[in-house]
Asker: 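There's a structure below that I have some questions on.
If you're wondering where the values come from, they're calculated on a predicted model, not measured in any experiment.
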Number of protein chains: 2
Amino acid sequence: MNKIPSLKPTDSELEILQIIWLHGPASVRFVNDELNRNKLVGYTTTLKLMQIMIEKGLLKRAEKGRKHIYTAVLKEKETKNLLLDKFVKTAFGGSAMDLVMQALGNHQTTPDELEELKALIEKMESDKK
Amino acid sequence: MNKIPSLKPTDSELEILQIIWLHGPASVRFVNDELNRNKLVGYTTTLKLMQIMIEKGLLKRAEKGRKHIYTAVLKEKETKNLLLDKFVKTAFGGSAMDLVMQALGNHQTTPDELEELKALIEKMESDKK
DNA sequence: CTGGTATTACGAAATGTTTCGTAGCAAATA
DNA sequence: TATTTGCTACGAAACATTTCGTAATACCAG
C-alpha cells in the first residue's frame, strides 16, 4: 500500500540508508556490521529498524534464499533534498543562502573544492542571463 | 547547575528559540501568540515546553511582576552552527561541500547573493595563501 | 472585598524512537 | 540424523517529545 514515503527518516534510519546507498542492496547482517564499525548496536535492533523502515515505505526487500535483501526506495539525492529543505526551513528560516554562507565559513575546504564551487556559480550566472 | 546546554533543541524548541531570537526576551503569552500565527497550539503546551527548556538550560528567565520573561541562553549563530554540524554529519556524511553544492543547486538565488558568495570565496582563497 | 481572569506548576496521556530479549524456524555441519 | 548456527518475527521496555487538563495562585475590575 505504502508507495511513496513522505516521512522523513529518523537519524538511525538515515544511518542505515547511507550504508545501503553506498553499498547497494544489503542484508541486515551487512548493515549491522557496518553500523558496528562506528558504534555498538545489537543485531535485532538493526533488524527491527529495517522492518519498521519497510512499513514506512523507506525500504523494500526481496527474499534471496533465506535472507532478506533490502533496497532503498528513495534515491540518495532526493532524500537529501527533502532533508535539506526541511532543515533550511526549521533552522535557517527558509534562507538557503544563510545556510550556505555559514557552512562555508565554518568548515575546512580545499582549494579544489573552492574551484568547483566557483565553477558552479559561474554556471548559475550564465544560465540566468 | 546547568550552565552550558550541550543538547540540541528539538524542532518545537527551535521554533520557540527563533521567536525569542527575533523579538528578544518574551513571555509565554507572547511566544504562544506568535506560534499560533502558524499553527494551533495550546497555551499550557507552550508553557510546558519553555519550562523544559529552562531545565535543559536552553532558556533562562526573570520574574517581571507576576509574569516570567524568558531569554535565550545561546546565541542564534552558535546554535545554528551546532545544528549545522550535526546535520552535515548525519545527512551529508560530514561533507559540508556536498551540502553547499546541493543547497545552491536546489534553491533560487539572486545575482546579489551570488556576488556575495563569490566575495566570500575570494576572501577564503586569499586567506589560505 | 469579591468574582473573574491570566499566569504558573504539576502530572499524565499520547505518540514516536530506539533498544533488545525470546521464540521459532531453516540451513549448515558434524 | 542430531546439533549448532544464523536468520526473521514479535512484543515490550526504556526513553524522548509533544500535548493538554487540572489545580493553585496572583492580579485586577467592579
Asker: Just how large is the angle between the end axes of the helix from dC1(C)-dG30(D) to dA30(C)-dT1(D), five pairs per end, to 10 degrees?
Answerer: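 For the helix from dC1(C)-dG30(D) to dA30(C)-dT1(D), the axes at either end differ by 10°.
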Asker: Heavy-atom contacts under 4.0 Å between residues 22-30 of chain A and DNA chain D, which residues?
Answerer: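 V28(A), R29(A), in order of number.
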Asker: Using every non-hydrogen atom in the two residues, find where I20(A) and A72(A) come nearest and quote the distance to one decimal.
Answerer: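 That closest heavy-atom pairing would be CG2-N, 3.8 Å.
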Asker: Just to verify, what does D112(A) make a salt bridge (charged side-chain N to carboxylate O under 4.0 Å, His left out) with, not counting sequence neighbours?
Answerer: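 D112(A) satisfies salt bridge (charged side-chain N to carboxylate O under 4.0 Å, His left out) with no residue once adjacent residues are dropped.
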Asker: How many angstroms lie between atom OG1 of T79(B) and atom CG of L17(B), to the nearest 0.5 angstrom?
Answerer: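 If I round to the nearest 0.5 Å, the distance is 6.5 Å.
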Asker: So does E13(A) pair up with K8(A), basic N to acidic O under 4.0 Å?
Answerer: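 Here E13(A) does not pair with K8(A) in a salt bridge, since their nearest N and O are not under 4.0 Å apart.
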Asker: Could you list the residues that satisfy side chain to side chain donor-acceptor pair (under 3.5 Å) with S95(B), not counting sequence neighbours?
Answerer: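 Residues passing side chain to side chain donor-acceptor pair (under 3.5 Å) with S95(B): D98(B).
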Asker: Would you kindly give the CG-to-C1' distance between L49(A) and dT8(D), to the nearest whole Å?
Answerer: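 Computing the L49(A):CG to dT8(D):C1' distance gives 15 Å.
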Asker: Any side-chain N or O of Q51(A) under 4.0 Å from OP1/OP2 of dA9(D)?
Answerer: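 So the side chain of Q51(A) is within the cut-off, an N or O lying under 4.0 Å from OP1 or OP2 of dA9(D).
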Asker: Please confirm whether the shortest side-chain N or O distance from R61(A) to OP1 or OP2 of dC7(D) is below 4.0 Å.
Answerer: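 It does not, given that no N or O in the side chain of R61(A) lies less than 4.0 Å from OP1 or OP2 of dC7(D).
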Asker: Are K56(B) and dT17(D) close enough that a side-chain N or O sits under 4.0 Å from OP1 or OP2?
Answerer: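 Yes, because at least one side-chain N or O of K56(B) sits under 4.0 Å from OP1 or OP2 of dT17(D).
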Asker: Would you kindly give the CG-to-C1' distance between D11(B) and dT17(D), to the nearest whole Å?
Answerer: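 From D11(B) CG to dT17(D) C1': 10 Å.
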Asker: Can you list the residues that meet the side-chain contact (heavy atoms from CB on, under 4.5 Å) rule with Q102(B), with sequence neighbours excluded?
Answerer: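 side-chain contact (heavy atoms from CB on, under 4.5 Å) check on Q102(B) returns K77(A), K80(A), N81(A), L84(A), F92(B), N106(B).
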Asker: Who passes salt bridge (charged side-chain N to carboxylate O under 4.0 Å, His left out) against K75(B), sequence neighbours left out?
Answerer: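 Scan of K75(B) (salt bridge (charged side-chain N to carboxylate O under 4.0 Å, His left out), adjacent residues dropped) gives none.
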Asker: Give the rounded distance in Å between these two atoms: CD of E55(B) and P of dA16(D).
Answerer: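 These atoms are roughly 12 Å apart.
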Asker: Could you tell me how the ring of F87(B) sits relative to the ring of F87(A): parallel (under 30°), tilted (30 to 60°) or perpendicular (over 60°)?
Answerer: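 Geometry flag for F87(A) against F87(B): parallel rings.
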Asker: Using only atom types and a distance under 3.5 Å, with no angle test, would you say the side chain of T90(A) pairs donor to acceptor with the backbone of K86(A)?
Answerer: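 Such a contact is found between T90(A) side chain and K86(A) backbone.
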Asker: Reading DNA chain C in the 5' to 3' direction, which nucleotide is the first one with an atom under 4.0 Å from a heavy atom of chain A, and which is the last?
Answerer: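 Both ends considered, the range comes out as dT17(C) to dA27(C).
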Asker: With sequence neighbours excluded, what pairs up with E116(A) under the salt bridge (charged side-chain N to carboxylate O under 4.0 Å, His left out) test?
Answerer: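 Here no residue qualifies.
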Asker: Which residues in residues 33-45 of chain A have a heavy atom closer than 4.0 Å to any atom of DNA chain C?
Answerer: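 Correct list: G42(A), T44(A), T45(A).
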Asker: In whole angstrom, give the distance that lies between atom CG of L47(A) and atom P of dA9(D).
Answerer: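 Spelled out: CG on L47(A) to P on dA9(D) is 7 Å.
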Asker: Under the rule for salt bridge (charged side-chain N to carboxylate O under 4.0 Å, His left out), what residues qualify as partners of E113(B), not counting sequence neighbours?
Answerer: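 Expected list: none.
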Asker: Sequence neighbours excluded, which residues qualify as side-chain contact (heavy atoms from CB on, under 4.5 Å) partners of L22(A)?
Answerer: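 Partners of L22(A) under the side-chain contact (heavy atoms from CB on, under 4.5 Å) test: none.
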Asker: Quick one: list whatever passes ring pair (Phe, Tyr, Trp, His ring centres under 6.0 Å) with Y43(B), sequence neighbours left out.
Answerer: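 By the ring pair (Phe, Tyr, Trp, His ring centres under 6.0 Å) rule, Y43(B) matches no residue at all.
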